[in-house]
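Worksheet: the structure to be examined is printed underneath.
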2 protein chains.
Amino acid sequence: MMDARKFRILQAIIDDYILTAIPVGSRTISKKYEMGLSSATIRNEMSDLEELGYLDQPHVSAGRVPSAKAYRLYVDQLLARGMIPTAAETDVRHYFGDRTRQMEDVITHAAQVLSGLTHYTSLVMTPKGAELRIRNLQLVPVTATSALVVIVTDGGIMRDTVINVGKDMDSDTLYSISRMLTERLANHTLSEAQSILREIGGTMKENSQLLSGIMEFVDETEGRGSKAKLALGGTSNILNYPEYNDVEKARNFLSVLETKEKLMRLLDNQSEMAFTVRIGPETGIPELSDCSLVTATYRLGDNTRGTIGVIGPTRMQYGHVFSVLNAMGQQLSELLGNDKE
Amino acid sequence: MMDARKFRILQAIIDDYILTAIPVGSRTISKKYEMGLSSATIRNEMSDLEELGYLDQPHVSAGRVPSAKAYRLYVDQLLARGMIPTAAETDVRHYFGDRTRQMEDVITHAAQVLSGLTHYTSLVMTPKGAELRIRNLQLVPVTATSALVVIVTDGGIMRDTVINVGKDMDSDTLYSISRMLTERLANHTLSEAQSILREIGGTMKENSQLLSGIMEFVDETEGRGSKAKLALGGTSNILNYPEYNDVEKARNFLSVLETKEKLMRLLDNQSEMAFTVRIGPETGIPELSDCSLVTATYRLGDNTRGTIGVIGPTRMQYGHVFSVLNAMGQQLSELLGNDKE
DNA sequence: TGTTAGCACTCACCCTTATTGAGTGCTAAC
DNA sequence: GTTAGCACTCAATAAGGGTGAGTGCTAACA
């Protein structure tokens with residue numbers, strides 16, 4: 001069974017391996033980590049740990065390498081103790097000038113800061129739409145028969161698309177329709193908006209094409225976050241780690257980043273947890289089977305959450321990543337939440 | 001001097017090297033390309049070509065490799081003869097479903113198609129703003145003291161930003177200002193808009209903050225394309241080529257792609273040429289010194305041009321790339337140009 | 001019973017040393 | 001001007017040997 005001493009040894013092994021990426025041997029542990037135990041004893045314990053599935057051995061005369069199971073234990077322990085260093089907070093604040101306000105600029109910048117501070121690949125996603133409350137809806141004429149729909153919501157997030165209005169409409173007509181719709185939809189969530197729009201559609205047959213265009217758009221925005229924007233940072237950072245010296249592996253990793261849909265699905269997990277950690281196979285994506293993904297959420301009003309995250313090798317500096325994500329989450333909530341007023 | 005035979009030999013060497021990436025020897029040329037010459041003769045010619053600077057020799061007992069100068073000659077010849085195969089046209093059309101109309105979606109998709117068809121990294125940039133004619137300007141209230149500026153232009157390109165309006169303004173006020181501005185600015189280019197706005201500013205002191213916000217935005221949009229959007233495709237494609245088997249090189253390449261500003265500057269060159277080809281050092285970016293960049297423009301109205309391009313190793317399949325870029329340019333002009341009516 | 005010292009064994013890694021073969025340059029003959 | 005022949009070069013591959021980090025096992029010790 002797993003007693004305290006075994007755990008201490010395992011922890012030392014993980015710490016060492018995270019730092020060096022070299023399989024760690026019994027002698028290293030006994031000397032470097034002052035256990036007061038000889039290497040032979042450590043060896044016995046390591047043998048047990050391997051049997052328990054916490055350690056792997058690349059080959060018989062190499063040191064041991066932590067397994068996914070080991071990282072899982074390590075992370076759970078870290079989270080359970082609430083051991084989230086706050087050092088990163090000032091760093092984040094420092095790198096985050098507060099000039100820019102545009103949603104898109106903010107998330108791009110956030111991704112850059114995140115990857116800069118962690119040296120891993122970072123992901124920043126705008127909140128999904130379902131829970132956002134509408135503040136304003138406006139139609140801007142583009143051509144005689146098409147218009148741009150702009151929806152301003154909670155947190156100042158704008159989403160826009162061009163729809164076909166079906167027949168000629170001048171600016172004034174569109175404006176009065178906009179006013180009417182805004183009045184009806186204001187303070188409702190996007191999901192509520194759906195049924196209201198349907199209702200309106202029943203009474204306003206003459207503008208049915210326009211309304212169905214808007215409905216389609218709202219649907220798309222609300223529905224499984226398909227319209228949420230995703231920014232990546234530090235995509236080439238992975239190449240800094242020896243485990244990705246193999247070009248083949250690197251290509252696999254990078255090609256996953258290119259299909260944003262896959263990533264979106266990964267980040268979609270809207271759990272209540274402060275952090276979600278997926279280690280290796282837990283990511284569910286074969287190409288990422290020796291990566292870890294740590295995600296956190298930031299709040300942007302009552303029920304609106306965006307996601308930020310970091311992808312790196314399984315031997316990730318989890319503690320540091322937690323700390324940075326934590327700080328960044330706060331910073332984003334602050335920055336984007338302020339737009340509210 | 002460079003006679004016809006030398007040129008034929010050089011061409012054969014380039015063709016072979018583009019295909020195989022292996023330094024090509026005299027024997028290969030004499031056998032594979034049916035010159036009716038013995039390897040010894042080829043050797044003599046190759047020696048001359050090396051002296052002329054068209055060939056490099058990695059080491060004394062290796063075959064020859066084309067120099068940047070050789071590619072330059074090759075490309076110039078290709079372009080001079082107008083040898084642009086049209087095969088790619090149907091491919092592009094095939095991969096380009098015409099559903100989507102949103103500018104951003106279109107360029108993202110275009111980048112994907114481009115990299116898919118060429119197997120290189122692709123770049124697609126929206127047109128720069130300076131020459132666009134304004135069709136409509138509208139202010140949408142976001143919060144009590146800030147508004148979203150939407151400018152609809154020629155070709156249906158929308159750009160938007162949030163500005164501070166300085167004081168409380170309700171929706172109706174903003175709308176009447178929008179109408180007024182639209183009336184004054186319609187059919188003017190962004191550059192002309194600048195002076196008109198300055199003029200208006202003189203007579204409308206009470207809304208100075210709003211106006212200066214708009215001016216700043218127009219300035220930004222117009223000025224050296226800083227607001228132009230850029231989409232990348234196939235960023236990991238470079239790893240498919242043996243010259244980038246070295247992780248160090250790959251990292252360099254990829255990190256250039258991460259700083260979009262650098263790329264923008266590269267694409268900025270608004271020459272009148274159908275194609276611009278920068279070979280190796282001609283890119284001006286040290287990290288890309290063994291890459292080639294081929295760009296083309298697509299038209300979107302009278303004077304509005306967007307840029308599309310492809311980055312790959314210097315031994316690029318230039319002919320094919322020309323053909324694909326050509327087809328894509330047409331497709332984009334069509335697709336986005338149609339929004340006009 | 002848990003801990004440690006000692007020892008034989010394994011195996012990746014590195015270094016050195018052939019071996020091979022593609023390719024060149026030069027020369028002499030056609 | 002072209003070609004055959006030959007000596008030479010040198011990257012790439014393979015093969016051999018030494019090194020050292022690390023293990024597992026056993027026997028002695030506290």
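What you see is a predicted model; the values in this text were computed from it and never measured.
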Handout entry: Residue pairs involving residues 237-261 of chain B (criterion ring pair (Phe, Tyr, Trp, His ring centres under 6.0 Å); sequence neighbours excluded)
Key = B/Y120-B/Y241, B/Y244-B/F253
Handout entry: Option among A/Y318, A/F322, A/Y74 that satisfies the side chain to side chain contact (heavy atoms under 4.5 Å, CB included) test with A/L79
Key = A/F322
Practice task
Name all pairs fulfilling the salt bridge (Lys or Arg N to Asp or Glu O under 4.0 Å) condition that reach into residues 16-25 of chain B, sequence neighbours left out, sorted by first residue then second.
Solution key: B/D16-B/K32
Can you name the side chain to side chain contact (heavy atoms under 4.5 Å, CB included) partners of [X], sequence neighbours left out?
{"X": "B/A110", "answer": "B/F96, B/V124, B/M328, B/L332"}
{"X": "B/N44", "answer": "none"}
{"X": "A/D76", "answer": "A/R72"}
{"X": "B/T90", "answer": "none"}

Practice task
Tell me, with the steps shown, if A/E287 and A/K249 meet salt bridge (charged side-chain N to carboxylate O under 4.0 Å, His left out).
Solution key: CA-CA 8 Å; A/E287 287 92 335; A/K249 274 184 156 186; over 6 Å; no
Handout entry: Rounded interatomic separation in angstrom, taking CD1 from B/I42 and P from D/dG1
Key = 16 Å
Practice task
Could you tell me which non-hydrogen atom of B/S115 sits nearest to which non-hydrogen atom of B/N237, and how far apart they are?
Solution key: O-ND2, 3.5 Å
Exercise for the section: Quick one: which residue pairs count as a side-chain hydrogen bond (donor to acceptor under 3.5 Å, both in side chains) with a foot in residues 49-61 of chain A, not counting sequence neighbours? Expected result: A/E50-A/R64
Problem - side-chain hydrogen bond (donor to acceptor under 3.5 Å, both in side chains) partners of residues 5-14 of chain A, not counting sequence neighbours, each pair once - result: A/R5-A/E45, A/K6-A/E45, A/K6-A/D48
Exercise for the section: Tell me which residues in residues 29-38 of chain A put a heavy atom below 4.0 Å from DNA chain C, sorted by number, or none. Expected result: A/G36, A/L37, A/S38
Problem - Interface with DNA chain C, restricted to residues 5-15 of chain A and to heavy atoms under 4.0 Å - result: A/R5
Exercise for the section: First locate atom CG of B/L288, then atom CG of B/L263, and finally report the distance between them rounded to the nearest 0.5 Å. Expected result: 8.0 Å
Handout entry: Axial bend angle, the helix from C/dT1-D/dA30 to C/dC30-D/dG1: five-pair end segments, nearest 10°
Key = 20°
Handout entry: Nucleotide-resolved protein contact map, nucleotides 10-30 of chain D, B/S/- at heavy-atom distance under 4.0 Å
Key = BS---------BSBB------
